[in-house]
Amino acid sequence: MTRVFLSVSEKSQLLSKRLLENLLSETGLSVLEPRQNWFAGPSTERERLRTMEDADLVIVILDRDSAQVLFEMGYAVARRIPIVVLVQDYLAVPNFLADHAVFLDISHTTREDDLRYVLSALKDTLITSVRKNHFFPWSVKDSPDWDREQLELVREQIARCEHLARPEQMLRSDHLARSASNLEEQVTAWLVSQGGEVRKAPRSHIDDYDLLVQDFKGRGLVVVQIKAYSQKRKVSVGQVQQLEDAMRISNAESGILVTDSDFTASARDFAANSSSSIELLTTRDLQAVPAE
Amino acid sequence: MNSIADSSSIYTEERMLSQHQAALAIIQGLVSNPRLAEFNWLDLACGRGQIIAHLDKNLSAAARAKIRYFGYDINNDAIRQAEGRAENLDLKHHGFEIGALAVFSRQFPDELRFDFITLTNTVHEINPTALAKTLYDSLCRLSANGRLFVYDMESLPPLELELGAIPWKQNEVAQVIHTFLHAAGASEYEPGFGQWTHRQVNGWNAQIQRDYIDVTDERLRNLEAEIVSCTEAKVREILEMKFELCRRSLDSLTRRGAEPEEAAEKQRLLYDFWALYRALERTE
């Protein structure tokens, strides 16, 4: 059985508890030592590090209160134990850490859907790691509870990483594909390549849209929203509704919503039937359109 | 603060909500003025007294002794609890009135003016037909240097939806208040609006300061009908826009079905649809 060491701050206790109750039991992982004492002294910390050495995987929940967690993460890096980091609070992850762990940003999830999102994203990540690097004693075939679509997705992820030799590189690739800031850079580059003049949203409008574009394909002002989601979570009708609202607030002529995931049927229906000019694009669409 | 049965006044002993902390921080600064002998504070929709629950941790005894606190709420039981809390705070005065928000101004003597009016976590419960008049009455009730502090959520948490409630976004409230000030002849005044990021939902706040509005009390009284009517028209325009977006989203969900990530959204849209339909029916 795969042994997991869970490193969390006091702030993320609730999420950690839910992970333990739902995810770990469901995936057949065993937890070496759920943290009990948040004010542990040096001897307890030494004991924790000794325990970590027996772990096959370290799961880190990174939030703004993570001084001790970062210390434990550093120890795991030094001992070359695979790490999965669940990032909260929209923390920017230092580049050097990206070489040592896979990061899943769960900041934008709400309390209600935390678990569903984390479960699906983490499952995918673990399976990808397992398949390629034999971190865990099970494989895609050993997970009969997953449906065909999920298995296809895992296979696709594995194929994408096939050329990478080292586990750290594979994990980094996965991280980069999921990273919101990376997606924003990708979208910005694409808009510029199409002749657009791109500006970031001012802080006061950061919840309404991400980018403002002028001179894009002959249009006036365009607002752009970017949704970096797990491939398991699609962009919903409510989010397209928000884009239309953001267009109204900004007096924009049109709006573009880009995701690394996909859109629900209702989201596409809403956009198609809107009298406003709304374009829904996936990262696959961006790759298909050559630079002007 | 009208007749939304799902509404509940929150009171948690161990926790201070950030919007209440912010209001107390403003009061803390104002009452520390050594030349100030008395400070009239009207707490609209005071509920169970959440905002005064931690007053003793934020204000010294001397500062509390300057405060004349007036709580106002529609809920009698809530007021009784708030009153119990106020009794132990050694305030200069505390008094409570019961009634609907739309008529709060009638409950106080004409000459009474407030240095601070708080309206927190309540705008989503206000009947939109009463929003303009509530704003107007609040402004008229401010003392020469008085200020109005309003806070609310942009949406309700998924597990705390209230049938009939209309959450307002920051930009929508800003439009309403700008229209209101324009009609009052104070279009050059840009009141402060803030957006608050909470774990589950976003919130907003607005602060209106009476001395930044260069209009006399008499002129305000003369302009009442025009101010209220212009503001009501803006409220209706925004409600219609929100209703149309909501209706079209539900229409798409009806045609295409809701996928798992849209289950909570569908519920929220249905709540919104009913609240907006009900509100628009009343504003006709």
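Sequence lines set the chain letters: A, B, ... in the order given, protein chains first and strands last, and positions in each chain run from 1.
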A:D210/A:K227 salt bridge by N-O under 4.0 Å criterion = no

ask   = Are any of the side-chain nitrogens in B:R236 or B:E232 under 4.0 Å away from the carboxylate oxygens of its partner?
value = no

ask   = Who are the salt bridge (charged side-chain N to carboxylate O under 4.0 Å, His left out) partners of B:E265, not counting sequence neighbours?
value = none

Cationic N near anionic O, under 4.0 Å, B:E237 to B:K234 = yes

query = What distance separates B:N205 CG from B:Q170 CD, expressed to the nearest 0.5 Å?
reply = 8.0 Å

query = So, the side chain of B:E262 versus the backbone of A:V237: is there a donor-acceptor pair under 3.5 Å, distance only?
reply = yes

query = Given that the side chain runs from C-beta out, which part of A:Q241 has a heavy atom under 4.5 Å from chain B: side chain, backbone, both or neither?
reply = both

request  = Evaluate the side-chain proximity of B:L119 to B:L101: yes if any heavy-atom separation is below 4.5 Å, no if none is.
outcome  = yes

task = Counting only heavy atoms closer than 4.5 Å, note whether A:R268 contacts chain B via side chain, backbone, both or neither.
result = neither

inquiry  = Counting only non-hydrogen atoms closer than 4.5 Å, can you tell me which residues of residues 242-256 of chain B sit against chain A?
reply    = B:L245, B:C246, B:R248, B:S249, B:S252, B:L253, B:R255, B:R256

query = Non-hydrogen atoms of chain A under 4.5 Å away: do they reach the side chain of B:K266, the backbone, both or neither?
reply = neither

task = Check each of B:T120, B:I208, B:I117 against B:F149 using the side chain to side chain contact (heavy atoms under 4.5 Å, CB included) test, and report the only one that passes.
result = B:T120

Most chain A-contacting option - heavy-atom pairs closer than 4.5 Å, from B:M241, B:E259, B:Q175 = B:E259

